[in-house]
Chemist: 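I'd like to ask some things about the structure below.
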2 protein chains.
Amino acid sequence: MISTSKVQFVPGITIWKQIVDDLQARIDSGELVENQKLPGEADLAKAYGVNRHTMRRALQELAAMGKVRIQHGRGSFVAKHVFDYELVERPRFSEWVKKYNKPGKNDILEAAILNLAELPELARIQQYGVFPEYSQVAMIKTLGRVGEEPISIARHLFFGEALLALVDDLHAGRGITESLRQHGIQDYTRMRSTISAAMSGPQERELLQVEKGEIVFVCENVNVDTSGVGIEFSTVIYPSSRVRLVYEPG
Amino acid sequence: MISTSKVQFVPGITIWKQIVDDLQARIDSGELVENQKLPGEADLAKAYGVNRHTMRRALQELAAMGKVRIQHGRGSFVAKHVFDYELVERPRFSEWVKKYNKPGKNDILEAAILNLAELPELARIQQYGVFPEYSQVAMIKTLGRVGEEPISIARHLFFGEALLALVDDLHAGRGITESLRQHGIQDYTRMRSTISAAMSGPQERELLQVEKGEIVFVCENVNVDTSGVGIEFSTVIYPSSRVRLVYEPG
DNA sequence: TTCCATTTGTTCGTATGTATA
DNA sequence: TTATACATACGAACAAATGGA
């Protein structure tokens with residue numbers, strides 16, 4: 001139950017806005033946790049000492065802000081936090097995660113040297129015309145987390161003789177950017193990303209801890225070095241319930 | 001059925017590659033049309049005079065290229081054409097559609113003057129801090145097409161006294177960019193886009209002509225004028241089966 | 001609900017040509 | 001020359017998914 005002992009409404013601001021601010025603060029502070037069921041509208045109205053219509057107005061606003069999720073016939077719930085993943089020219093997982101003041105991790109699920117000819121995505125890789133025709137690539141599959149929340153499954157393919165060593169290197173727990181630097185890649189940039197959507201498969205559901213029927217983003221990324229030569233082709237899967245993609249030019 | 005009378009395999013190139021080229025040419029030429037079911041693997045193999053494994057290898061390749069779609073237990077189908085919608089600083093529907101050599105249309109579904117206070121997305125609009133606090137906005141709902149294919153449902157909100165006239169103007173059938181120019185907006189750019197995904201609702205299914213269970217992209221866009229003042233907030237829905245979003249920096 | 005035909009997915013085995021040590 | 005490895009191609013059988021009766 002929610003204690004409203006300290007909430008005293010001030011005149012001049014609409015009451016529903018003050019309730020919005022109060023509930024928002026409780027959610028942001030962690031007092032109310034994700035997916036927690038809020039009391040019914042009638043109970044909430046009573047607790048705040050307002051009419052149910054006033055309470056509803058506040059809940060509608062919180063729903064529009066994405067802070068709560070209202071389900072007809074079930075109740076209101078604290079919405080899951082959604083991470084904004086920005087599409088930028090220099091995507092660096094470790095830099096991005098700092099925004100959220102939580103520890104970021106990239107667990108290695110799998111690492112192997114693969115023959116280029118056996119890759120199912122070979123046709124799409126070749127069409128960009130930036131990847132040298134090595135016979136082998138380093139494949140590394142990772143699970144990205146922010147705090148304890150799984151946020152991405154990535155399948156990285158690294159092109160270049162020197163980068164085959166990444167298969168052993170990354171086991172050591174270093175970040176990708178740092179490991180690339182140790183193999184002569186001082187800088188790399190995003191050349192292109194394509195964004196599709198799909199239903200989550202059983203493997204994704206297990207790794208990303210999402211329910212059946214949830215939607216995932218499927219991003220195919222091409223990264224190149226400073227001279228425009230292809231370094232990495234990655235396929236990254238994000239749960240759309242926890243990640244929103246953001247484009248901000250300039 | 002597919003006639004293979006002309007297909008003679010030449011030595012030096014693997015048979016499955018020659019089959020890929022043959023089928024790709026038939027798809028690109030229009031002989032095989034979108035969503036058309038191909039004969040079963042066994043029948044195709046027989047028609048080409050090869051083993052089922054060889055036929056499968058070719059089909060796998062075509063699937064990886066996005067030319068066909070293979071469904072376990074159902075068969076193989078000629079894949080739908082997917083439009084690449086690029087995230088750019090100056091998005092202009094009429095410019096983009098030229099890429100596909102098809103006529104682009106933007107039908108007006110609805111146009112009205114709305115009170116700002118009544119908008120469900122008000123909270124999200126205000127958080128950007130770029131939109132002036134007008135009491136009214138022009139709301140225009142459009143259905144975008146490329147050729148005859150519905151490609152987007154957009155709900156545009158235009159901010160500014162002068163832009164309220166757009167509600168009547170756009171009925172005339174002009175493009176948005178042109179109409180904005182006539183009301184003093186010479187140029188506008190994308191400040192931010194957020195990309196989410198959702199299951200298609202009944203209204204979207206009817207307008208976009210997609211099946212139940214298909215996924216849509218939901219993009220919220222903020223457009224500003226040259227001095228950074230908010231001009232337009234739009235929510236655009238794309239069917240993920242026909243549209244892929246693309247980010248290309250630089 | 002169960003049963004069945006169709007179709008793709010997977011795994012055996014066999015044979016052949018080519019490149020490499 | 002011989003031996004090995006590998007990709008290609010063919011053959012057969014069974015597993016798994018789908019849709020209709």
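In what follows, every heavy atom counts, from backbone to side chain, and hydrogens, waters and symmetry copies are set aside.
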Chemist: Describe the nucleic acid contact of B:Ile15 in one word from base, sugar-phosphate, nothing, applying a heavy-atom distance below 4.0 Å.
Modeler: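 Result for B:Ile15 = sugar-phosphate.
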Chemist: Whole angstroms only, please: what is the CD-P distance between B:Glu61 and D:dA9?
Modeler: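 To the nearest whole Å, that distance equals 12 Å.
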Chemist: Which of these nucleotides, C:dC12, D:dA16, D:dT8, is closest to any side-chain atom of B:His72?
Modeler: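 Given the options C:dC12, D:dA16, D:dT8, the side chain of B:His72 is closest to D:dA16.
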Chemist: Over 60° means perpendicular and under 30° means parallel, so classify the ring planes of A:Trp96 and A:Tyr100, tilted if in between.
Modeler: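 Rings of A:Tyr100 and A:Trp96: perpendicular, as their planes differ by over 60°.
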Chemist: With a 3.5 Å cut-off and no angle check, do the side chains of B:Arg69 and B:Gln71 form a donor-acceptor pair?
Modeler: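 Distance-only check passes for B:Arg69 and B:Gln71.
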Chemist: Of the nucleotides C:dT11, D:dG19, C:dT10, which has the atom closest to the B:Arg52 side chain?
Modeler: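 For B:Arg52, the side-chain atoms sit closest to C:dT10.
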Chemist: Does C:dG9 have OP1 or OP2 under 4.0 Å away from a side-chain N or O of B:Arg56?
Modeler: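 Checking B:Arg56 against C:dG9: at least one side-chain N or O falls below 4.0 Å of OP1 or OP2.
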Chemist: Check every atom of C:dT8, D:dT18, C:dC12 against the side chain of B:His53 and return the nucleotide holding the closest atom.
Modeler: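 The closest nucleotide is C:dC12.
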Chemist: Whole Å only: how far is the CD1 atom of B:Ile70 from the C1' atom of D:dA16?
Modeler: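 Spelled out: CD1 on B:Ile70 to C1' on D:dA16 is 16 Å.
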Chemist: Does D:dC10 have OP1 or OP2 under 4.0 Å away from a side-chain N or O of B:Thr54?
Modeler: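 For D:dC10, OP1/OP2 do have a side-chain N/O of B:Thr54 under 4.0 Å.
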Chemist: When you check the phosphate oxygens OP1 and OP2 of D:dG11, does a side-chain N or O of B:Asn51 lie under 4.0 Å from one of them?
Modeler: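 For B:Asn51, the contact criterion (side-chain N or O under 4.0 Å from OP1 or OP2 of D:dG11) is met.
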Chemist: Distance alone, cut at 3.5 Å: any donor-acceptor contact between the side chains of A:Asn221 and A:Arg192?
Modeler: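 Absent: no donor and acceptor within the cut-off.
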Chemist: Starting the side chain at C-beta, find the nucleotide from C:dT8, C:dC12, D:dT8 nearest to B:Trp16.
Modeler: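 The answer is D:dT8, which lies nearest to the side chain.
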Chemist: Taking only side-chain nitrogens and oxygens of B:Gln60, does any of them come within less than 4.0 Å of OP1 or OP2 of C:dG9?
Modeler: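 Answer yes for this pair, as a side-chain N or O of B:Gln60 is under 4.0 Å from OP1 or OP2.
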Chemist: In whole angstroms, how far is the P atom of D:dC10 from the NZ atom of B:Lys46?
Modeler: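 B:Lys46 atom NZ is separated from D:dC10 atom P by 15 Å.
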Chemist: For the pair made of CZ in B:Phe77 and C1' in D:dG19, what is the distance, rounded to whole Å?
Modeler: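 Rounded to the whole Å, the gap is 11 Å.
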Chemist: Could you state the atom-to-atom distance from CD of B:Glu41 to P of D:dA17 in whole Å?
Modeler: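 Taking atom P of D:dA17 as the reference, CD of B:Glu41 is at 16 Å.
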Chemist: Quick check for you: among C:dT10, D:dT18, C:dT8, whose closest atom lies nearest to any side-chain atom of B:Ser76?
Modeler: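 Nucleotide nearest to B:Ser76's side chain: C:dT8.
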Chemist: Between C1' on D:dC10 and OH on B:Tyr48, what's the gap in Å once rounded to a whole number?
Modeler: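 Roughly 18 Å, once rounded to whole Å.
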Chemist: Closest approach to the side chain of B:Thr14, judged atom by atom: which nucleotide of C:dT8, C:dT11, D:dA9 is it?
Modeler: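 Nearest listed nucleotide: D:dA9.
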Chemist: B:Arg57 CZ to D:dT8 C1': how many Å, rounded?
Modeler: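 My rounded result for the distance is 10 Å.
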Chemist: Establish, for the pair A:Arg92 and A:Tyr188, whether the NZ or CZ atom is under 6.0 angstrom from the six-membered ring centre and no further than 45 degrees off its axis.
Modeler: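 The answer is yes; both the distance and angle limits are met.
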Chemist: Starting at CG of B:Leu38 and ending at C1' of C:dT7, how long is that distance when rounded to a whole Å?
Modeler: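 It works out to 13 Å between those atoms.
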Chemist: Can you check whether A:Phe233 and A:His156 have ring centres sitting under 6.0 Å from each other?
Modeler: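 No.
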